[in-house]
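One structure below.
Because only heavy atoms are used, hydrogens play no part in the values below, and waters and symmetry mates are left out as well, while side chains stay in.
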Amino acid sequence: MTGTREGSPYAPHTDAETRAMLETVGADDVDELFDIPEAVQFDRAFGIEARDDAGTAREIAGTLAENDDMTSFLGRGHYVHHVPAVVDRLSSRSEFLTSYTQYQPEIAQGFLQALFEYQSMLVDLTGLPVANASMYDHATALGEAATLAARVRSTSGSRVLVPELLPLRRRSVLENYAEGADLTVESYPTDDGNADLDALTSMVDSDTLMVYAENPTVRGTIEERLSAVGDLAADSEALFCLGTDPVALSLLETPASVGADVVVGDAGTLGLGHAHGMGHGLFVTREQFLRQVPGRLVGAGTDERGRRAYTLTLQTREQHIRRERATSNICTNQAWVALRTAIHLAWLGPDGLLELAERAVRDARTLASRVDDIDGVRAPVHDRHHFREFLAATDRPAPEIRDALLDRGYAVHAVDDHRLQLCVTDANEHATDGLVAALSEVA
Amino acid sequence: MTGTREGSPYAPHTDAETRAMLETVGADDVDELFDIPEAVQFDRAFGIEARDDAGTAREIAGTLAENDDMTSFLGRGHYVHHVPAVVDRLSSRSEFLTSYTQYQPEIAQGFLQALFEYQSMLVDLTGLPVANASMYDHATALGEAATLAARVRSTSGSRVLVPELLPLRRRSVLENYAEGADLTVESYPTDDGNADLDALTSMVDSDTLMVYAENPTVRGTIEERLSAVGDLAADSEALFCLGTDPVALSLLETPASVGADVVVGDAGTLGLGHAHGMGHGLFVTREQFLRQVPGRLVGAGTDERGRRAYTLTLQTREQHIRRERATSNICTNQAWVALRTAIHLAWLGPDGLLELAERAVRDARTLASRVDDIDGVRAPVHDRHHFREFLAATDRPAPEIRDALLDRGYAVHAVDDHRLQLCVTDANEHATDGLVAALSEVA
Amino acid sequence: RYEPLLIEKRSETVEIDDAPLPEELTRDELTMAAPAEPELARHYTRLSQETYGVDSGPFPLGSCTMKYNPALLERVASDENAAVHPDRPDESVQGTLEVMATLQEWLGRIGGMDAVTLQPPAGAAGEYTGLLITRAYHEQRGEDRTEVVVPDSAHGTNFASAAMAGFDVVELPSGDDGRVNLEALEAAVGEETAALMLTNPNTLGLFERDIETVTEVVHDAGGLVYYDGANLNALLGQARPGDMGFDVMHYNVHKTFATPHGGGGPGAGPVGVREDLAPYLPAPHVRETDGGTYERYEPAHSIGKVHGFEGNWLVLLKAYAYIRRLGDEGLADASAKAVLNANYLAERIDFEVPYGPFHHEFVASAGDRDAADVAKHMLDHGVHPPTTKWPELVEEALMVEPTEAESRETLDLLVAAFDAAGDADADALESAPHRTTASRIDQVAAARSPRLSWRALDDGGSRTDP
Amino acid sequence: RYEPLLIEKRSETVEIDDAPLPEELTRDELTMAAPAEPELARHYTRLSQETYGVDSGPFPLGSCTMKYNPALLERVASDENAAVHPDRPDESVQGTLEVMATLQEWLGRIGGMDAVTLQPPAGAAGEYTGLLITRAYHEQRGEDRTEVVVPDSAHGTNFASAAMAGFDVVELPSGDDGRVNLEALEAAVGEETAALMLTNPNTLGLFERDIETVTEVVHDAGGLVYYDGANLNALLGQARPGDMGFDVMHYNVHKTFATPHGGGGPGAGPVGVREDLAPYLPAPHVRETDGGTYERYEPAHSIGKVHGFEGNWLVLLKAYAYIRRLGDEGLADASAKAVLNANYLAERIDFEVPYGPFHHEFVASAGDRDAADVAKHMLDHGVHPPTTKWPELVEEALMVEPTEAESRETLDLLVAAFDAAGDADADALESAPHRTTASRIDQVAAARSPRLSWRALDDGGSRTDP
């Protein structure tokens, strides 16, 4: 078997072939081909033992089986919707999986078209005309939005205003990007989960470079006055950046209609299941910022026969050409996840996507109501419409409840001493009866 | 989502399209297109409730989870070797999976070549020149061997001689085929697991149509005098049919060298994992029986440009042309499993395949020895070389031991009151320590 | 680019000299292809690309029901808990047995049958099983019935299965309307008649309007009536063989229930029977116990076995998933759309369709053209052509079954391919195809001097190729 | 055949009027492609067939290490137990954390580094992370170092990452031998120097023979030395960046450790550091506790985060499987064969290779031909061409990295493709390719009037296509 090859099972050389090739290059031994000073040579002894295919698979399956089997009601930035089998089947076709950045478009029309279609879907969802072909994740897309703002700033502004409830991990990424661009990140207050518009109004000034809001918020509340935020930003010539995801985009007010300049978020919410936080950043913006967009862009053109053809375009923005003046350092992105997101979106169609979005509203409402019926629990904490998730106030300390639920096979957030956060989607809705029963026991 | 379509999610018609198509055909309603007398019309109420994709997957996963999680040391005709991931990856490519019998060879060259290569591998393994493209399984291939024998018989013989230990289920299939062809199936004695040559010699006569032997036998013993069986059959103008599998074929005497006329067996031993007995019958024979072979045959030919091309051939043997005079009624066979077997064989290569075969000998020997060290157990029962499996005699009733092992997560055969049968391959060898420990407790 | 055989790319011969067995029990050497995994991956990737499947485009092969194979089915069948040994004790495989019992039940409802076995591994094996049951049934009643009546338009497997089960075949000529001629039937049926085999709608796509009379005639003569399930995709939810008087039937799950055809199989051919035939079903059969658990048992007069174990389990599991996914409405809609598609396509193409009204498939006539040439010409349009030259009731037959999975758009693609062939001149027809991996293959020559393995090749190997 | 956009095939607009939200919070309508699953399957099947991947043939894209992606890795990553939410408490995801901790450890040994973070989601993100660590390190020591020195032949990401991290870039001209010029280095390095970024072997495939001196010069100036892991596939088991004096490095797991490139990602870019830099690693980091369990924690002087969660977990899991599959000998052999393949290929082609001795990749010169034209011409031979026109040290550069996964046979295929382009006349070069899905695409025109979504198309849609 491939497993009986010595050395790498993925190097096809027989000993005879190796010898013949060495003869061609005029060497007696492969070692001769290495031009490494003796002082820094290494003896290949990493101490990593090889396993055959079966052994590798068995060992890793055994290790991963150490993860407890449980149903998750966790959200707060990593969301899961049921990924249909067809997404796996199509995206795992090896031509897609084993290809790379489309430097030779003539033999990459298929992947380029898939990315062009992905971009088109994001354009339709946001109402803004320029979507890139993917970023790493929501947090880095937000960071890139801030640096885009810095590049296009018409004022001398350097303040980036973000909700006080912005998860620390997302904020931390943003702060790293901001620091490199000499920007500062500041929090604006929230009011019952949503942006506190009065407070924000008093904060926005001529030194404000960007205002960031999310819809839904990290607590699952749906913003109600985003247009006012957009106006506020526009009035002070700051950029308005909106964080969201494709499911929310299908139902909620479009970013274009509320005046967003840049939209970021996790598009991997569709197409990826639970992946320990792995995602896929979406990045959409206005036409006027086209030449400042980070990342890959696929455009339609024509080939010599005059037929429509797709190609990476506006590459002069990118690091391999513009180097330190590039719009970003991004090279390898999340293209394959974008492919999966596009397949998932297409499989859903507008009806299916809207059904998911409406369920995100209804199921959260229903679950909050059921949880509210439990003694010692009140939900939702915020008097808002919710999307997928909500807070529940608890009499008993929330961390204790979280741990007790964990023992019963349910994972939930304890966001502070007396508040839980629960997230429900089509992927765990079937388990809500069990959760409610367990919560009734331990709350 | 596809799940929001009414009716079949896999019929692409929108209501508007359906209406337009009805207009084309001049009907107001699809019901008009059905020409079914009212008396036999049905109201579509099967009482089967639909589920969406996620619900279907979850429900079935839940049902299958009712199967206990255990390690199997079961064999007796359904064997499992570790199937490398590349077999799944390549065989599941949808062009392979969703194609059908290659009636149009010009657009099926890939699958035809894969089957031609499968046939070639079986030819090399058996030493006989004609392998078909697959049968259902070992048992039906054996049945087809008997009917082939009936068609080519030079004597008036009608007796088919099989080992007395032949599993009843395999024999039952054979008897059904035999009955249709007016043959009778009789047992010949065995001697310490293997064919009793003296007894067989006394049974073979001019009325003997076919002698069947297996190597290894169902008890895992390796036959030692197959050439003598072959000579015996040849002397009385009976066919010699040999049952085996690709792993055994790689190491043991070739069927050609022992005078076999037909070779049958389960080729799914490579390429399929545990599949509740699903397999893939191999069928290989001599050149002289070519036009009596059941099933599909792929041959090499040339196309109009003079290039090598593959095609189904000798189709005049088959049911769609020859009808009741066909060599078999087989139409849909196990082509896709043959593809998997071929990929698995190629991945192994001769070194890997031989390693599997040698392990089948050594691991069985080692396990028998370890089991023999347990008080109250003696193994192997038969003083023979073994392949994959062997019998162990037990003081305590074997069914009790089997049940006690089941409780400890190990499945073994109890072949009679005081004998167990254990089967070990690369797929369960890692669990032998546990089995031996458990057996030590319960024997 | 032409793809060499694996063994032409990299082969290896290993001497066997230190095996853990006496030398006289082992072979001397072994020669095989020995690719590294990267080479293996590219080889089969290329071969797949040279293969046309349903995922490549329309595949209207008559009588084959080449419908889309949902990805969901493959996911379900890859469940590790489905991977069990058939000898695991019943109590340890309750999940598997529950799926089997439920599928038996569902198929029974769909066909109007009282009991169903899942054991036959293909449609033809189902026919054979049904005939073994028929044989056992008559024998049990002390009757010696040796004949099976089969319409001339029936699938070839019907004839072959009857012969394999030891029956004499009596061929029944079709009536002028393409259906069973009742007079001919009455003449053919008698006390020798073990069974009549029938598919309905028949291979012309026509429903046997007199089906109740047909089954009555056979029953009156003491015979059984067998339903060939190949065409069941026409009738789901609209009519049931059991209600028409059929006693035994098989289901082709790879046709009706969307399990993949896999380049020729595996399929599965469960067999349903009316209640008094249930004791003859193959062993083991699965049933739910009073305690709600599931068990395997041997029916009282079981014919024994038609497969070494319990059939093509992984295929059956996929069929189960498909039926569950669609439910009553989905199944009925599948047939409705299949019939609509056939009618739309027939209406649009410029070929005569002599018999009707047809259902899920129709047989057009290529007239004075060679139907096989028409098919080859269609290949250049990137579609799979229909079944050709059969049934013989229609001159130069083109047997077309689009299935419900085709959109109007792909049906229009087929129309274009049909009509281009209809408009093509003799030269164009005879020289086609040109855009395929291989150009027209000389099948007569290939059969005249069969070369069935690489060792039989004498063309100098792949290196000679341009 | 040209494949229309999904939305051109079937689109649907839905009015939103009965949503469970106040109207003012919702959009009015939504337009999207709405294919049925069979249409979806065919669309993406066709698109895949119009895409060239490693499984299609050789892919010698310089600096990209397009090696075979083992099927085993995909199987391992599809394990349901790998599918967890990042906020699951540590005690409930011990399996995930153990994999992460072990991978950290293994990567440390492979690079000769003391601590490794898995968080950076790509190589460029790794560079950026390493520079943030560098910045934090100097700041913590009270030093204000604003410059990063980068050789002119370095990957573009080095420059861009340095700029993003807020540094000024000082470009270091290469020496005549294609390596670092020590005098130029000494001139470039000073008290402003935060770090030197270097890849070794460099982008010409040359090992920096003076590497110990190079790292010493930078260290003496108080700077750190960063190793760009893009070329690590040359050195596995032969040499380790840590042993050469590098302080920080990233690993490209999609290059060196065979995780698939996925049409552009996801990859993963773990970062290794020497011990005194470990406190600066991103949060959370994973460690084994004294009790043998695993936990996440925040390093003392953590730079915070470079990814919203913990990086591209599924990619990291694949890398883990690859390293475990190969072990010491397999990894060392991978590099040995990668270097052998590059040397064999360079020896065989009729193109000048000005710099050497090279390792896993080499840069040939197209001379008076346009390197991009050479690449286009190679496309017609069914292979992927090399990276073109970079590094600029070589005139009309063809940067070739065959990887260890190519057999001599496929290398010979590449030789034929190279030499055919070398022999082609100007017309043939400029008009190529002809056998590809699209002929030569006018990229200048496409960039001049960007059309980035279907709404921007004005070509009349797919229907206008012949």
On a heavy-atom basis, which atom in [X] and which in [Y] lie closest, and how many Å separate them?
X: C/E12; Y: B/D351; result: OE2-OD2, 2.7 Å
X: B/Q319; Y: C/A160; result: CB-CB, 3.7 Å
X: B/L97; Y: C/E74; result: CD2-CD, 3.5 Å
X: B/Y136; Y: C/A125; result: OH-N, 3.7 Å
X: B/G47; Y: C/D328; result: N-OD2, 2.9 Å
X: C/L452; Y: B/G299; result: CD2-CA, 3.9 Å

Below 4.5 Å from any heavy atom of chain C, which atoms of [X] appear? Answer side chain, backbone, both or neither.
X: B/L22; answer: both
X: B/H280; answer: neither
X: B/T18; answer: both
X: B/L90; answer: side chain
X: B/R296; answer: neither
X: B/L406; answer: side chain
X: B/E117; answer: side chain
X: B/D266; answer: neither
X: B/T63; answer: both
X: B/A411; answer: side chain
X: B/S92; answer: neither
X: B/S257; answer: neither
X: B/T313; answer: side chain
X: B/L33; answer: both

| message | If you apply the rule side-chain contact (heavy atoms from CB on, under 4.5 Å), what do you find for C/T437 with B/D303, and how did you get there? | response | CA-CA 10 Å; C/T437 310; B/D303 71 3; over 6 Å; no
For [X] and [Y], indicate whether the former's side chain and the latter's backbone hold a donor-acceptor pair under 3.5 Å.
X: B/T24; Y: C/Y344; value: no
X: B/T332; Y: C/A122; value: no
X: B/S8; Y: C/A334; value: no
X: B/S172; Y: C/K305; value: yes
X: C/R27; Y: B/L125; value: yes

Practice problem: Salt-bridge test for C/D87 and B/R169: reply yes if a basic N is under 4.0 Å from a carboxylate O, no otherwise. | Solution: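 Yes, C/D87 and B/R169 are salt-bridged.
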Measure distances from [X] to the heavy atoms of chain B and classify the residue's part below 4.5 Å as side chain, backbone, both or neither.
X: C/I16; value: side chain
X: C/P20; value: both
X: C/P121; value: both
X: C/A165; value: backbone
X: C/F59; value: side chain
X: C/A162; value: neither
X: C/L314; value: both
X: C/R324; value: both
X: C/H359; value: side chain
X: C/L132; value: side chain
X: C/E24; value: backbone
X: C/I323; value: both
X: C/V169; value: side chain
X: C/M66; value: side chain

Check the angle between the aromatic planes of [X] and [Y] and answer parallel, tilted or perpendicular using the 30° and 60° thresholds.
X: C/H261; Y: B/Y100; value: perpendicular
X: C/W313; Y: B/H276; value: perpendicular
X: B/Y177; Y: C/Y128; value: tilted

**Asked** Would C/N343 and B/V30 satisfy side-chain contact (heavy atoms from CB on, under 4.5 Å), going step by step from the backbone distance to the final call?
**Response** CA-CA 10 Å; C/N343 278 271; B/V30 180; over 6 Å; no
Heavy-atom pairs under 4.5 Å with chain B, option from [options] with the top count:
options: C/L6, C/I303, C/V84; result: C/V84
options: C/G265, C/G156, C/G327; result: C/G265
options: C/D442, C/V315, C/D333; result: C/D333

Side-chain donor-acceptor pair present, B/N67, C/T96, cut-off under 3.5 Å
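On atom types as modelled, these side chains qualify, holding a pair under 3.5 Å.
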Distance alone, cut at 3.5 Å: any donor-acceptor contact between the side chains of C/E37 and B/W347?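 A donor-acceptor contact under 3.5 Å links the two side chains.
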B/H320 and C/H155: side-chain contact (heavy atoms from CB on, under 4.5 Å), yes or no, with the steps? CA-CA 7 Å; B/H320 62 288; C/H155 297 114; over 6 Å; no
Report task. Evaluate the side-chain contact (heavy atoms from CB on, under 4.5 Å) criterion for residues C/L61 and B/Q104: first the C-alpha distance (whole Å), next the side-chain angles of each, then the deciding distance (0.1 Å), finally the verdict. Result -> CA-CA 11 Å; C/L61 203 58; B/Q104 297 292 342; 5.9 Å; no
